[in-house]
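FYI, side chains are in, hydrogens and waters are out, and symmetry mates aren't considered; it's all heavy atoms of this structure. Below, read A as the first sequence line, B as the second, and so on, with proteins coming before strands; counting in each chain starts at 1.
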Amino acid sequence: MQLKDVSGLIASAACCLISADVIANESINTESDWLDDWQIDSALMLYSEVDRVSALEAVFSFKKDFKDEHIFSGKLVIDSLTGASANGAVSQPIVQTFTRPSGNAQYTVKANETPLDDTFKDTRVQINGQWTSPFSADITTSFGGQLSKEYDYLSLSVNGSISWDTNFNNTSYSLGGSYAYDEIEPEGGIPIALTKHYSDPALFASQALFDQAYSSTIATTSSDKQTFDMLFGVTQVWTKRLITLINVGISKVDGYITDPFKIVSRVQSDGYTLDNINESRPDSRNKQSYFMQSKYHFDWAIFDVSYRYSTDDWEINSHTLESRIHIPSKLTSYWQPHVRIYQQSAAEFYAPFILSQNETPNYVSADYRIGDLNAITLGLKYGDQTQAGNPYSIRLEYYFQTSEDSGHARPGVLQQQDLYPSVSAIVVQYNYRF
Amino acid sequence: MASKVKVTQKEDCIQVAFTAMASPCYLLIEGQDAKQHQDFIKQTLREVQRLEQKFSRYLPDSVCSKINASNGKPVKIDPETYNLFKYAKELYEISEGLFDITSGVLRRAWTFSNEMVTPSQSTIDKILPFVGWKKMKFELDAITLKNGMEVDFGGIAKEYAVSYIAEIGRKQLPNHSILINLGGDIEISQERTDGKKWTIGIERRNQEPQVVQLNKGAMATSGDTHRFVIINNQRYSHILNPMTGWPIKQTVSTVTVTARSCIQAGSIATLALLHGKNTEAFLSTQKGIKYVVNK
């Protein structure tokens, strides 16, 4: 026998052998079969911070396999946010008044309380689609797009990735990139950075003069930013039980990254606030992240441990250590405890307040989310399936975050104020696959 | 067989372990509800047993044994047996006579037992007239062997059973990926719905098993990790060349091939071993497959 390719001949002979016997009454795909091929997952999540923001989120994921590794997947997310969020000003031993971001009304904050803007309310609708298909036997490509719309925010993004399986699919390399365009158009406009936050019409001769002063701090109606991301990853199967993943990512954001709703207090030497100014952040941010994950399959459970280190040119460095243990219990159910520990250093321009006697820096933000902080998440998930075989799961998580003292010397009355309040939240999520 | 079935719930699949065709066998079904798949599990066990009883040359009541004991008379065959013979004929033609289901009779001389004495050329020459597909009469409903000839479905029956079960799985459990493994010959009915791949270990001589991940398709191994014979310092395999009556000189111990179906993978692996020193060259010319060769 000569050395020639006989695989095609064998394939067709093998095909005849099997189809001749088994497929006696094959039916043609009907429309309902086609619909049955869609896999639909649904999730409902409630996130609730104590005294602050609550979010209710519904997610529907769709997936259809067009065979031969051509897969379409899509997702629809609808969420609604309500509640209060810290505006950035320091708490004071006296009542404080602030103007709402719309510029149309004021709200007051009691003495010794962290100033929260309680008008935080938004509904977001997000849709995305992803098309994955093989380029060759070992190379898979994937392309997708996403649109997200809120009342005052629009985000559009496209992404693409390529992955290469080698070493009998034990090693897989992937390279991906994405581009996003975000536009923010807050009610009341975008404030000019570092201008005064006018808060009390009573100090003006008339409402018209106050409105005139307030509108003089508004730069424009909308701003935008662009984000480029690149990610390189290697997945390696070591043994039947051990798999590891390493990702390296870079991210570059250009444009308007300042939060138009955040202000910074200018504090006098006695600790009382002189006034508040609109925060200011650089118009670019470059970030690198390194991620490692290992999963080990013991006979009784699967251990999943991951670590992420992220660093950027705002000097925010973060460490995330996360672990999940998947423990099958009965025939169909499982328990999954989860722990996540997060630590972050502050951005170089972070300050809980600035001193009025000093010159105002070019960049400053009192947003606790870019300050020194530690967070821990403890969770438990239980999953099972219904009589009909549809998997479902319930997840309960507790999140606790503490902000570290950034070491800014506190003048006068600020010594008695809690400038670094902690935040805690509960997450409840229910998943169901149709 | 039915007495030793063990159903275990693994993290992301149900595992049904049983013994058939003298090998450890596994049926893995994506999902977590064994009860839901009871009918399919029972049918799999029934069909594997049925195919073993039909095509094993070791079981005296099998169709194979009846054909071998027919003393030159025609034996009625059903469509399934016809299809298997037809496939064997196609392999015979594709391999230009190297793959021949009538070569099993040579095992009278080549027992490969510990007491085996290397047969003389004259012994082999006496058996060779009873070897050869073309000496057999093959009709739609009957098979007639020349007195003294034998057929052996080794190398296709087990692989056929694997592909057969996988096809039933595709029909009956269209929303679940199943992996059927009969003694290391494997086929996956379809990709897993969770996007994960099945992890499979390939046995290797004096080494840890090689781990392979498959999301679909099939894998089959030919050859034997442990068994070979040494004659005049030459290593010979257990695979007999129907044209010379001698075993194939062994350059590799096993060949593992992945392809779309288990029958296809098994046949390519078997033909590869029949190529002796050209095993790897043959494999490298085959399109659409992957392979692992163990020395």
Side-chain angles (χ1 to χ4, degrees), chain A residues 1-23 25-26 33 36-37 39 63 65 67-69 71 137-138 165 167-170 172 237-241 243 297 299 301-302 326-328 330-334 383-389 391 433, chain B residues 9-11 14 31-36 79-80 83-84 86-87 90-91 94-98 160 163-164 166-168 171 174-175 190-191 193 195 197 199-201 208-216 258-261 263-264 267-268 271 274-275 278 281-282 285-290 292:
Chain A
M1 181 180 170
Q2 291 170 339
L3 290 177
K4 60 187 178 192
D5 177 21
V6 295
S7 58
L9 290 170
I10 291 175
S12 64
C15 195
C16 288
L17 173 57
I18 277 303
S19 58
D21 257 293
V22 187
I23 312 167
N25 52 351
E26 177 162 37
D33 282 344
D36 285 345
D37 290 345
Q39 179 184 311
K63 189 173 160 191
D65 190 339
K67 304 294 171 200
D68 299 321
E69 296 178 16
I71 294 167
D138 302 323
D165 291 333
N167 187 21
F168 251 87
N169 288 346
N170 284 321
S172 169
V237 176
W238 298 102
T239 71
K240 268 198 255 187
R241 293 177 180 275
I243 181 166
H297 191 160
D299 286 332
I302 297 172
H326 183 100
I327 310 164
K330 295 199 194 109
L331 200 56
T332 59
S333 60
Y334 62 90
D384 201 343
Q385 54 182 241
T386 61
Q387 288 286 339
R433 178 180 292 176
Chain B
Q9 178 61 56
K10 298 282 176 183
E11 188 255 319
I14 302 150
Q32 308 204 307
D33 187 359
K35 270 190 212 148
Q36 186 195 352
E80 185 177 49
N83 283 327
L84 217 53
K86 184 165 165 277
Y87 182 69
E90 279 168 89
L91 278 191
I94 289 166
S95 69
E96 293 162 14
L98 263 182
Y160 166 71
S163 291
Y164 182 88
E167 187 63 22
I168 295 175
K171 297 278 147 201
N175 298 319
Q190 63 188 351
E191 287 178 47
T193 54
K197 292 172 181 170
T199 304
I200 300 155
E208 279 276 285
Q210 174 166 2
V211 177
V212 168
Q213 292 223 312
L214 283 182
N215 56 351
K216 60 176 183 177
T258 62
R260 275 180 69 166
S261 72
I263 304 192
Q264 189 190 355
S267 300
I268 290 172
L271 294 195
L274 283 164
H275 278 81
N278 291 324
F282 170 80
T285 53
Q286 305 308 308
K287 293 201 178 77
I289 65 151
K290 288 181 179 176
V292 175

When the 4.5 angstrom heavy-atom criterion is applied to A:D384 and chain B, the contacting part is neither
Looking only at heavy atoms, the pair that brings A:A14 and B:Y87 closest together is N-CE1, 3.5 Å
Side chain, backbone, both or neither: which part of B:I200 has a non-hydrogen atom closer than 4.5 Å to chain A? neither
What part of B:T193 is in contact with chain A, defined as an atom under 4.5 angstrom from a non-hydrogen atom: side chain, backbone, both or neither? both
Do the side-chain N and O atoms of B:Y160 and B:E80 include a donor-acceptor pair separated by under 3.5 angstrom? yes
For B:I289 and B:I268, work out which heavy atoms get closest and say how close. CG2-CD1, 3.8 Å
Do you know which of B:R260, B:E90, B:E191, B:Q210 has the most heavy-atom pairs with chain A at a distance under 4.5 angstrom? B:E191
Counting heavy-atom pairs under 4.5 Å with chain B, which one of A:V237, A:I327, A:N167, A:D5 comes out on top? A:D5
Report the option among B:Q264, B:Q213, B:Q286 that has the most heavy-atom pairs separated by less than 4.5 Å from atoms of chain A. B:Q286
Quick one: closest heavy-atom pair of B:E11 and B:Q32, and the distance? O-NE2, 2.8 Å
Distance, nearest 0.5 Å, that separates OH of A:Y334 from CD1 of A:I302: 11.0 Å
